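Contents: one structure, followed by commentary.
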Amino acid sequence: MDRYLVFGHPVRHSKSPFIHTLFARQTQQELEYGLAEPAVDEFAHALRTFFDQGGKGCNVTVPFKEQAFTLVDRLSPRAKRAGAVNTIKRTDDGVLLGDNTDGAGLVADLKSHGVTLADSRILLLGAGGAARGALAPLLAELPSELVIANRTHTKAQQLAAEFHDLGPVTAQTYEQLAGPFDLVINSTSASLQGELPPLAPALIHTDIAIYDMMYGASDTAFISWAKQHGARQTMDGLGMLVEQAAEAFTVWRGIRPGTKQVLRELKRNLGEI
């Protein structure tokens, strides 16, 4: 049976085995999907061993995405742009192909919620790996402007300069931000600690769409804050998780699984798996 894994540290909390098992059942694919949690300095050896022993593909999560970028034989264009790999496929000729499905998953989830990206003004909070992975797919949707804000402003400036050839992307400090924005995406991990980015409440209005890449059994701190200040459309990153997994499954198996039923099952079981 074809074998797949998700590599991470820690990774025991990962929902990927649940998601991909449902995808396989839905598409009648014979595969098994497990977890791997090597020590941080043993990832390269664990990855090679997995593929040497016949592994077909894997997902890669924190903290190994940047390291995976350096370990594969070939990179997809979106992985090159993201500077990180979250999906690896062993091709029929033994080549390890590195891909990044995070940004595609984000865009697919936004569209599934009816969010219009073309000609919209987007604010992206954070300038780390999650933001980097999202930029090219977001800019491909032709927004009127994409503004990056980050606590360390120089990081936002560097990221904006790197992606400036793809569209109208700029960097601003939190103090410089002026609305209105159509969409705010929080790519920071602040919600994991129950913290908030230093965003002015005045930027929130009733017609704005709020997206937090983090997720939980209840609203994240950022989503709760946005609702308190009048946002009516709020979304967490659970849908992005499922959509990027569907994209990875398609890379591996050549079949696109449906996501709506899997997302419903995941929401139902979020506190149990």
Side-chain angles (χ1 to χ4, degrees), residues 102-157 159-160 163 167-244 263 267 270:
D102 285 332
L106 170 65
V107 168
D109 192 36
L110 286 165
K111 289 183 175 181
S112 76
H113 284 93
V115 176
T116 299
L117 298 173
D119 296 320
S120 65
R121 190 161 184 253
I122 301 172
L123 173 58
L124 179 61
L125 307 180
R132 177 182 292 274
L135 274 168
L138 285 171
L139 289 168
E141 297 298 318
L142 305 179
S144 62
E145 184 182 15
L146 194 156
V147 177
I148 306 170
N150 189 60
R151 288 181 187 270
T152 305
H153 183 51
T154 53
K155 284 188 175 182
Q157 290 176 309
L159 205 53
F163 284 82
V169 56
T170 60
Q172 296 180 15
T173 66
Y174 278 99
E175 293 74 24
Q176 290 173 327
L177 294 175
F181 289 100
D182 301 297
L183 169 65
V184 178
I185 301 171
N186 181 22
S187 77
T188 75
S189 59
S191 287
L192 293 178
Q193 290 81 40
E195 298 173 355
L196 295 169
L199 193 65
L203 292 173
I204 307 300
H205 55 87
T206 56
D207 294 326
I208 201 169
I210 297 293
Y211 196 100
D212 194 340
M213 289 189 187
M214 302 298 109
Y215 64 87
S218 57
D219 285 346
T220 67
F222 184 64
I223 286 177
S224 293
W225 175 85
K227 284 182 175 180
Q228 289 168 11
H229 291 93
R232 292 186 297 195
Q233 184 176 21
T234 59
M235 300 148 281
D236 69 15
L238 195 63
M240 176 181 172
L241 175 69
V242 175
E243 293 291 350
Q244 66 81 22
L263 182 56
K267 285 179 178 177
L270 187 59

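Nothing here was measured: the structure is a model prediction, and the numbers come from that model. When reading the values below, keep in mind they use all heavy atoms of this one structure, side chains included, and skip hydrogens, waters and symmetry mates.
Between Asp212 and Ser191, the shortest heavy-atom distance links the atoms OD2-OG, 2.6 Å. Between His153 and Gln176, the shortest heavy-atom contact is CE1-OE1, 4.4 Å. Taking every heavy atom of both residues into account, Met235 and Ala209 meet most closely at CE-CB, 4.0 Å. Between Ser187 and Gly126, the closest heavy-atom pair is OG-CA, 3.7 Å. Glu243 and Gly105 make their closest contact through CB-O, 3.4 Å (heavy atoms, listed as atom of the first residue, atom of the second, distance). Ala221 approaches Glu195 most closely through the heavy-atom pair CB-O, 3.9 Å.
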### Message
Could you walk me through whether Ile185 and Met213 satisfy the side-chain contact (heavy atoms from CB on, under 4.5 Å) test, starting with their C-alpha distance in whole Å, then the side-chain angles of each, then the deciding distance to 0.1 Å, before giving a yes or no?
### Response
CA-CA 7 Å; Ile185 301 171; Met213 289 189 187; 3.9 Å; yes
_Worked verdict on Lys227 versus Asp219 for side-chain contact (heavy atoms from CB on, under 4.5 Å)_ = CA-CA 10 Å; Lys227 284 182 175 180; Asp219 285 346; 2.8 Å; yes
(request) Give the intermediate values and the outcome of side-chain contact (heavy atoms from CB on, under 4.5 Å) for residues Thr170 and Gln172. (result) CA-CA 7 Å; Thr170 60; Gln172 296 180 15; 4.2 Å; yes
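Side-chain contact between Val147 and Ile122 is absent, with no heavy-atom pair separated by less than 4.5 Å. Using a 4.5 Å heavy-atom cutoff, the side chains of Glu141 and Val107 are in contact. A 4.5 Å side-chain heavy-atom check between Pro143 and Leu117 finds every atom pair outside the cut-off. For the pair Thr173/Asn150, no side-chain contact is recorded, criterion being any heavy-atom separation below 4.5 Å from C-beta on. Between Leu183 and Leu123 there is no side-chain heavy-atom pair separated by less than 4.5 Å. Proximity of Ile208 to Gln233: side-chain heavy atoms (C-beta onward) are nowhere separated by under 4.5 Å.
In this structure, CG on Leu124 lies 8.5 Å from CG on Leu106, to the nearest 0.5 angstrom. The line from CG of Asp236 to OH of Tyr215 is 9.0 Å long, rounded to the nearest 0.5 Å. Atom-to-atom distance recorded for Thr234:OG1 and His113:NE2 is 8.5 Å, nearest 0.5 angstrom. Atoms OG1 and CG, on Thr116 and Asp182 in that order, are 9.0 Å from each other to the nearest 0.5 Å. Separating the CZ atom in Phe181 from the CD1 atom in Ile204 is a distance of 10.0 Å, to the nearest 0.5 Å. Here CG of Leu177 is found 6.0 Å from CG of Leu203. Values are rounded to the nearest 0.5 Å.
Side-chain atoms of Tyr211 and Asp109 form a donor-acceptor pair, as typed in the model, at a separation below 3.5 Å. The closest side-chain donor-acceptor pair between Asp119 and Ser144, if any, does not fall under 3.5 angstrom.
Remark: side-chain polar atoms of Thr220 are paired, donor with acceptor, to backbone N or O of Ile223 under 3.5 angstrom. Side-chain atoms of Arg121 come within 3.5 Å of backbone atoms of Pro180 as a donor-acceptor pair (strictly under, hydrogens ignored).
Classification of the Trp225-Phe222 ring pair by plane angle, with boundaries at 30° and 60°, yields parallel.
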